Amino acid sequence: MTRRAVAALSAVTLLLLGCSARARTGDGPAPASTTGADAATTTNAIELLKSGTEFIDRTSFRSDVNIASQVTTLAHTDNVNKRADSTLSAFGRVTEIRMIDDQVFMKTELDLPGVGREWMRLDPARVPSDLAVSFAPGSNDPGGSARLINAIVTARADGPHITGTIDLTRVGTGNGINLRPGPDGFPDGARSNAFSATLDADGRLVSFSIPAANGMPYATLRYSDFGTPVDVARPQGAVPAPDALYPQLGLSG
C-alpha cells in the first residue's frame with residue numbers, strides 16, 4: 001500500500017488496528033453521478049447489481065473479502081434465522097465474531113489496551129454503527145455491497161458481466177471493503193477507478209472486483225454457498241467485554 005492510500009481494510013481491521021487515516025470532513029459523500037450519454041446504461045447496470053443483492057435478506061450465504069492479500073474476511077450469514085460468524089485475518093492476526101439472535105461475541109489476537117484474548121460478549125448498543133453487527137436490513141451484509149454499488153460512476157452490463165468505473169472516495173467505511181484517504185488524500189484517478197462484477201444464473205451478485213490502480217490496492221468481494229445452513233456455536237465462558245474495548249471500535253478516528 002502506498003502512503004497516499006493508507007488503508008483499504010475490512011471493517012473490523014479498521015476498527016481494531018486503528019491504522020486508517022482520518023476521513024475527510026463534510027456532510028458525507030454525495031451519490032455518484034450517472035448523468036451523461038450513458039446514464040440509462042449505467043442506471044440499468046446498477047439496478048441489476050442492486051437486484052443481485054436481494055438474497056441478503058432472503059437466504060443464507062458466504063462472503064469473502066480479500067484486500068491486497070493482506071486482509072481477508074470469511075463470513076457465513078443467515079439473516080433470516082439470525083445466525084452469523086466471521087473470521088478476519090490481518091497481518092498474521094485473527095479476529096472472530098459470532099452472532100446469535102441479539103447476542104454478539106468476539107475474540108481477537110490483536111494487542112488492544114485493556115482487552116484480553118478470551119471470548120467476549122459485546123453490548124450491541126455500544127458498538128458503533130460502522131460495524132454492522134446486526135441482522136436488520138441495511139446493516140446485515142458483511143460484504144458491504146451497497147456501499148460499493150452506490151459509489152459507481154459508470155457501468156455497462158454485458159450479460160452477467162458488469163464493468164465500469166467507481167469513485168473510490170465515495171466507498172466510505174463499514175463492513176467489507178473500506179478505502180480511506182492517506183495523509184495526502186486519495187490518489188489522482190481514485191474517482192474513476194475500474195471495477196468488474198458478475199451475476200450468477202439466478203441474477204445474484206457473486207463477485208465484485210476492484211483492480212489495483214491509481215495508487216490503490218486491489219480488493220475483491222465474493223458471495224457463494226447460497227442456502228447453506230449456518231450453525232453458530234455460542235462460545236462457552238464468554239466474559240462481558242471490558243469498557244476499554246468500545247472506544248477502540250470507532251471508524252471515525
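All figures in this text were calculated on a predicted structure; none of them were measured in a lab.
Salt bridge status for Arg62 with Asp64: present, with a side-chain N to carboxylate O gap under 4.0 Å. A salt bridge does not link Asp85 with Arg98: every distance from a Lys NZ or Arg NE/NH1/NH2 to an Asp or Glu carboxylate oxygen is 4.0 Å or more.
Note: Asn66 CG to Thr72 OG1 = 6.5 Å, rounded to the nearest 0.5 Å. Here the CG atom belonging to Leu74 is positioned 10.5 Å from the CD atom belonging to Glu96, to the nearest 0.5 angstrom. One distance of note links OG of Ser51 with CD1 of Ile46; it measures 12.0 Å at 0.5 Å rounding. The distance from the CD1 atom of Ile97 to the CG atom of Leu88 is 8.0 Å, given to the nearest 0.5 Å. Rounded to the nearest 0.5 angstrom, Met120 CE and Lys107 NZ are separated by 10.5 Å.
Contact check for Pro242 versus Val115: side-chain heavy atoms found under the 4.5 Å cut-off. Residues Arg93 and Asp111 meet the side-chain proximity criterion, which asks for heavy atoms closer than 4.5 Å. Between Arg170 and Asn150, every side-chain heavy-atom pair lies at or beyond the 4.5 Å cut-off. Between Asp158 and Thr163, every side-chain heavy-atom pair lies at or beyond the 4.5 Å cut-off. Side chains of Ser145 and Leu221 form a contact here, defined as non-hydrogen atoms less than 4.5 Å apart. A heavy-atom distance below 4.5 Å is not found between the side chains of Leu249 and Arg126.
When the side chains of ILVMFWY residues are joined at heavy-atom separations under 4.5 Å, either directly or via intervening members, Met99 and Tyr246 end up in a single hydrophobic cluster. A continuous path of hydrophobic side-chain contacts links Leu245 to Leu110 [ILVMFWY only; heavy atoms under 4.5 Å]. The cluster map of Ile, Leu, Val, Met, Phe, Trp and Tyr, joined by side-chain heavy atoms under 4.5 Å apart, puts Val133 and Val239 in the same cluster. No continuous path of hydrophobic side-chain contacts links Phe105 to Phe135 [ILVMFWY only; heavy atoms under 4.5 Å]. In the hydrophobic clustering of this structure, Leu48 groups with Ile56; members are Ile, Leu, Val, Met, Phe, Trp, Tyr whose side-chain heavy atoms approach within less than 4.5 Å, directly or through other members.
Nearest heavy atom pair, residue Ala90 against residue Val71, reads CB-CG2, 4.2 Å. The heavy-atom pair separating Leu148 from Ile166 by the smallest distance is O-CD1, 3.5 Å. The two atoms that bring Ala155 and Ile162 nearest to each other are CB-CG2, 4.2 Å, heavy atoms only. Across every non-hydrogen atom of Leu112 and Thr108, the tightest pair is CD1-CG2, 4.1 Å. Taking every heavy atom of both residues into account, Asn175 and Arg147 meet most closely at O-NH2, 2.6 Å. When all heavy atoms of Ser63 and Pro142 are compared, the closest pair comes out as OG-CG, 3.4 Å.
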Report the C-alpha separation of Arg156 and Asp38 in whole Å, then their side-chain angles, then the decisive distance to 0.1 Å, and conclude whether the side-chain contact (heavy atoms from CB on, under 4.5 Å) test is met.
CA-CA 9 Å; Arg156 178 180 297 275; Asp38 294 328; 3.9 Å; yes
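Take Thr165 and apply the side-chain hydrogen bond (donor to acceptor under 3.5 Å, both in side chains) test, not counting sequence neighbours, and it matches Thr154.
In terms of modelled atom types and a separation under 3.5 Å, the side chain of Glu109 and the main chain of Val94 share a donor-acceptor contact. The backbone N or O of Ser69 sits less than 3.5 Å from a side-chain atom of Tyr218, completing a donor-acceptor pair. Checked by atom type and distance alone, the side chain of Asn44 never pairs as donor or acceptor with a backbone atom of Ala40 at under 3.5 Å. Between the side chain of Asn81 and the backbone N or O of Asn79, no donor-acceptor pair lies under 3.5 Å. The backbone N or O of Thr53 lies less than 3.5 Å from no partner atom in the side chain of Tyr223, so there is not a single donor-acceptor pair. Side-chain atoms of Thr59 do not come within 3.5 Å of backbone N or O of Phe55 as any donor-acceptor pair. Listed for the Asn214 side chain is no donor-acceptor partner under 3.5 Å among the backbone atoms of Met216. With Arg83 contributing its side chain and Asp78 its backbone, the two residues share no donor-acceptor pair below 3.5 Å. Checking side-chain atoms of Gln248 against main-chain N and O of Pro113 turns up a donor-acceptor pair under 3.5 Å.
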Contacts under 3.5 angstrom, residues 195-212 side chains, donor-acceptor by atom type, not counting sequence neighbours:
unit_1: Thr198; atom_1: OG1; unit_2: Ser207; atom_2: OG; d: 3.3
unit_1: Asp200; atom_1: OD1; unit_2: Asp202; atom_2: N; d: 2.9
unit_1: Asp200; atom_1: OD1; unit_2: Gly203; atom_2: N; d: 3.0
unit_1: Asp200; atom_1: OD1; unit_2: Arg204; atom_2: N; d: 2.8
unit_1: Asp200; atom_1: OD2; unit_2: Arg204; atom_2: NE; d: 2.9
unit_1: Asp200; atom_1: OD2; unit_2: Arg204; atom_2: NH2; d: 3.1
unit_1: Asp202; atom_1: OD2; unit_2: Arg204; atom_2: NH2; d: 3.3

Name each donor-acceptor pair under 3.5 Å that joins a side chain in residues 228-238 to protein atoms two or more places apart or in another chain, with its distance.
unit_1: Thr228; atom_1: OG1; unit_2: Asp225; atom_2: O; d: 3.3
unit_1: Arg234; atom_1: NE; unit_2: Gln103; atom_2: OE1; d: 2.8
unit_1: Arg234; atom_1: NH2; unit_2: Gln103; atom_2: OE1; d: 3.1

